[in-house]
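A quick write-up on the structure given underneath.
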Amino acid sequence: MNISVSLPIPLNQSFDYALPKELEGKAALGLRVKVPFGKAVQTGYITALDTNPDLPSGIKLKSVLSIEDERVFYGKELFPLALFIEQNYANTLGETLGVLLPAIFNQKLLDAYKPSPSKDLPLFYPAGTYSQEQKNAIENAKQNQINLFYGANLSGKTEAALSLAYDVLNQGGQVLVLVPDIISSANLIEVINKKFGAHHILMWHSKVSLSKRKAAAAEIILGKPCITVGTRSASLLPFKNLRLTLIFHEESKDFKQEDSKPYYHTREVAIERANLTGGKVILISSTPSLEALKLKEENKLKASFFPRPLPQFNNETQIIITPKTGKKSKLISDELIKLLHENMLHGGQSLLILNRLGYSGVYACLNCRAYAKCKKCGAVLSRIKTDKEDYLICRKCGAKESLKQICPLCKNEIFRSLGGGTQAAAEEIYKIFPQARVYRLDSQTLKTKKDEGHFAEEALKDNQADIIIGTNLALNAGLCGGKINLAALLDADLELNSADFRSAERFAQTLFNLKGRLNRYKNAKLIVQTSKDDLFDYNILKENKYLEFASDEAIFRKDFHFPPYAKLVKLLFTSKSEKDLNAFGEMAAKAVRESYGAFMSIEGPVKCGTHSKEFHQQYYLVKSADEQMLKGFLNTLANTKAPKKLQIKILAEPYYFT
């Protein structure tokens, strides 16, 4: 008997092996096997039985060395789901199976598992306490497979979703709760623990210890009724009886896996899995992504709208637009300094958002701080300085410009690279308010348990913090954990003029979420610092019209052929030789235009922001409205071997453009 085996290697093909007779009764699709591969021994996955390869005369197949599993640790959706991830995100089948069936899932794990005694669920809120919108949403979700709960912050979306989770758990099913990251979702996790009891909750993310992950994996595989709370990787776990998946803040870019293979988007994987198993998915967001709204437009999900906050949160936050600089600070306006001072005097807490880390800066006018912008597409230019060159580049369209710039606002000709990350902003606040209790909350301050960011969360809860400075990571953590009644976005220009075509959408989502969460307090204020207040229609924010913004943004995406109304692929090339990099990039772009020019376009190259003396990087963007043609293109790319001096990273539907 012969079998086909997929290996977790960057080669999109299976390999045929002879199966010894003593192993024939044990073979099944999805089982792990040890096989010889070259001079090494590899662990692979059985993908076909009773194969009949066409072998040249005199050639014999190598034999399988052993079958590693006694059972398949996944349901019937294993191969269809693996193929979905492979075909839509340019992965190989072996790489995908390697993540769906990691070594942690084995018989020893199940043999060592000691079940804890089951406990009754705690009492839940009776249905009579729900608003009419909550009742409608619950009923819609019971009757439809894919759902969207969207609308105002603090309107009861979470409560409605968790009531459905309670029903599933009470009936013996499994529930998956997906969050963008654990830090900003700490308050939600606390709510879930209180409602269901910690004994019903499993955690799955990178910070969970191996022993706890093993215990959680055993309960998931065996089908124990539970709620698993995790980040994007939890969407790939081998649930035996997954009946409901809740995706909170579904619009977050953190749900896209681009760091390592296999690449995928959590939302799409969850929906595909539900389609394969008959489970349900609820996307939950105050500011849903255009992708989710397009599914609504196409009647591919049932949308339940929550138009207003619950009565106890129905306050109105004041919106104030100010310059980016003032007499006392290059990063903070005089009006914001005044409001921060007044807020501290009255015992309030403040949150300052700046989506740049450390001291990172941009090339800006020394007089008015306006950014140098691309003359072709209007995106903010970045400065590239090497031993040989010093110039500006647009990371959106790839255009290069000289350092000599004329400010479009004040006509000044003196530009400098100006710092302005969270660390620089924190030091500025220290100088202005030396007695203030100031904390940073961003990825750099959360690397270890002793870092400042973790203390910031506790200080907020204990009313021991006056001002929190952070990236968007701090938005949910800060506004849920403390009593913040003053928030400010320190640099609207940076948010709106990035190389990312989603920049306007993300900016709007940040503003609407800030305002929505501030509405829990009377007389709350949201300050937006900008050098040009006509870059965004702030009346939409004041009038709570996110859907109107989303509709306008959708028209822009359609007109310029951007997702979700076209497919996008990012081809990232890395090489030690800049000459080889440029030559191969030009050759690849030419090949795409010649072979696929009738179905897709290619733009670039764009040099990447990460530079070192050893490596050079650049990327191209491929766009197409033909989904099937693009799938074929991705398959061709996945099977194309890169030259020895070059690395190619293929990202379908990319979310990161630095």
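Heads up: numbering here begins at 1 and tracks the sequence.
Every residue was checked against the side-chain hydrogen bond (donor to acceptor under 3.5 Å, both in side chains) condition with T277, not counting sequence neighbours, and none meets it. Scored by the side-chain hydrogen bond (donor to acceptor under 3.5 Å, both in side chains) test, E68 finds S66 as partners (sequence neighbours excluded). Residues forming a salt bridge (Lys or Arg N to Asp or Glu O under 4.0 Å) with R243 (at least two apart in sequence, or on another chain): none. Every side-chain contact (heavy atoms from CB on, under 4.5 Å) that K631 has, sequence neighbours left out, goes to N88, E627, Q628. Here F79 pairs with nothing under the ring-ring contact (aromatic ring centres under 6.0 Å, His included) rule; sequence neighbours left out. A550 is linked by a side-chain contact (heavy atoms from CB on, under 4.5 Å) to L290, L293, Y546, counting only residues two or more places apart in sequence or in another chain. Scanning for side-chain contact (heavy atoms from CB on, under 4.5 Å) contacts around P180 gives S185, H249, S252, D254, F255, with sequence neighbours left out. Applying the side-chain contact (heavy atoms from CB on, under 4.5 Å) criterion to P80, with sequence neighbours excluded, gives L276. Checked against salt bridge (Lys or Arg N to Asp or Glu O under 4.0 Å), K261 has the following partners two or more places apart in sequence or in another chain: E95.
A heavy-atom distance below 4.5 Å is found between the side chains of I602 and R593. Taking 4.5 Å as the limit, some side-chain heavy atom of I220 sits within range of a side-chain heavy atom of L202. Inter-residue side-chain proximity for L246 and F248 is flagged as met; some heavy-atom pair is nearer than 4.5 Å.
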Candidate pair L630 and M600, rule side chain to side chain contact (heavy atoms under 4.5 Å, CB included), full reasoning | CA-CA 8 Å; L630 196 70; M600 57 188 69; 3.9 Å; yes
Check the pair S575, S577 against side-chain hydrogen bond (donor to acceptor under 3.5 Å, both in side chains), reporting the backbone distance first and the verdict last.
-> CA-CA 5 Å; S575 177; S577 167; 5.0 Å; no
Give the intermediate values and the outcome of side chain to side chain contact (heavy atoms under 4.5 Å, CB included) for residues L283 and Y150.
-> CA-CA 8 Å; L283 310 177; Y150 73 114; over 6 Å; no
Would you sort out whether T51 and N2 count as a side-chain hydrogen bond (donor to acceptor under 3.5 Å, both in side chains), showing the intermediate values?
-> CA-CA 5 Å; T51 60; N2 300 324; 4.9 Å; no
Dump the intermediate steps for side chain to side chain contact (heavy atoms under 4.5 Å, CB included) on L162 and I192, then the final yes or no.
-> CA-CA 8 Å; L162 293 182; I192 293 173; 4.1 Å; yes
Criterion side-chain hydrogen bond (donor to acceptor under 3.5 Å, both in side chains) on S4 and T47, from CA distance to verdict | CA-CA 6 Å; S4 284; T47 53; 4.9 Å; no
Let me see the working for E219 and K240 under salt bridge (Lys or Arg N to Asp or Glu O under 4.0 Å), right down to the final yes or no.
-> CA-CA 9 Å; E219 296 191 357; K240 183 178 182 180; over 6 Å; no
T228 and L237: CA distance, side-chain angles, deciding distance, side chain to side chain contact (heavy atoms under 4.5 Å, CB included) verdict = CA-CA 10 Å; T228 301; L237 289 170; 4.3 Å; yes
Given ring pair (Phe, Tyr, Trp, His ring centres under 6.0 Å), test Y264 with Y89 step by step and report yes or no.
-> CA-CA 6 Å; Y264 59 92; Y89 298 98; 7.3 Å; no
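The two residues L109 and A217 make their nearest non-hydrogen contact at CD2-CB, 3.9 Å. The two residues E291 and P564 come nearest to each other via the heavy atoms CG-CB, 3.9 Å.
Crowding of K558 atom NZ: a count of heavy atoms from other residues, nucleotides or ligands under 6.0 Å exceeding 12. Atom NZ of K623 has more than 12 neighbouring heavy atoms from other residues, nucleotides or ligands inside a 6.0 Å radius.
Using a distance-only test at 3.5 Å, with no hydrogens or angles considered, no donor-acceptor pair links the side chain of K302 to the main chain of A141. A donor-acceptor pair under 3.5 Å is formed between the side chain of Q174 and the backbone N or O of K224. A donor-acceptor distance shorter than 3.5 angstrom exists from the side chain of K570 to the backbone of Y656, with no hydrogens or angles considered. The main-chain N or O of T92 is never found under 3.5 Å from a side-chain atom of N12 such that the two would form a donor-acceptor pair. In this structure a side-chain-to-backbone donor-acceptor pair under 3.5 Å is present from N91 to Y263. Looking at R273, its side chain never comes within 3.5 Å of a backbone N or O of L242 through a donor-acceptor pair. Between the side chain of E250 and the backbone N or O of S289, at least one donor-acceptor pair lies under 3.5 Å.
For the 3.5 Å distance criterion, the side chains of S304 and N140 qualify, holding a donor opposite an acceptor.
Expressed to the nearest 0.5 Å, how far CD1 of I247 lies from CG of N147 amounts to 11.5 Å. Note: K214 NZ to Y113 OH = 15.5 Å, rounded to the nearest 0.5 Å. Within the model, atoms CZ of R232 and CD of Q257 stand 4.5 Å from one another, a figure rounded to the nearest 0.5 Å. Of the inter-residue distances, the one linking C226 atom SG with N241 atom CG reads 9.5 Å to the nearest 0.5 angstrom. Of the inter-residue distances, the one linking D69 atom CG with F105 atom CZ reads 11.5 Å to the nearest 0.5 angstrom. Remark: L222 CG to F239 CZ distance equals 13.0 Å, nearest 0.5 Å.
Residue pairs meeting the ring-ring contact (aromatic ring centres under 6.0 Å, His included) criterion with at least one member in residues 277-300: none, sequence neighbours excluded. For residues 96-109, the side chain to side chain donor-acceptor pair (under 3.5 Å) pairs, not counting sequence neighbours, are Q107-D111. Residue pairs meeting the ring-ring contact (aromatic ring centres under 6.0 Å, His included) criterion with at least one partner in residues 10-38, sequence neighbours excluded, are F15-F37.
Taking the ring centre of Y655 as origin, the terminal cationic atom of K256 falls outside the region bounded by 6.0 Å and 45° from the ring axis. At least one test fails for K649 against the ring of F573: distance under 6.0 Å to the centre or angle within 45° of the axis.
For the side-chain hydrogen bond (donor to acceptor under 3.5 Å, both in side chains) criterion with T574, the lone passing option out of K645, Q647, Q617, Q618 is Q617.
K607 and E578 are joined by a salt bridge, as a carboxylate oxygen and a charged side-chain nitrogen come within less than 4.0 angstrom of each other. Here D580 does not pair with K644 in a salt bridge; the nearest charged N to carboxylate O distance is not below 4.0 Å. Salt-bridge formation is detected for the pair R557/E505: a Lys NZ or Arg NE/NH1/NH2 atom is positioned less than 4.0 Å from an Asp or Glu carboxylate oxygen.
Between Y596 and F633, the ring planes are perpendicular. Angles over 60° get that label, and only those under 30° would be called parallel.
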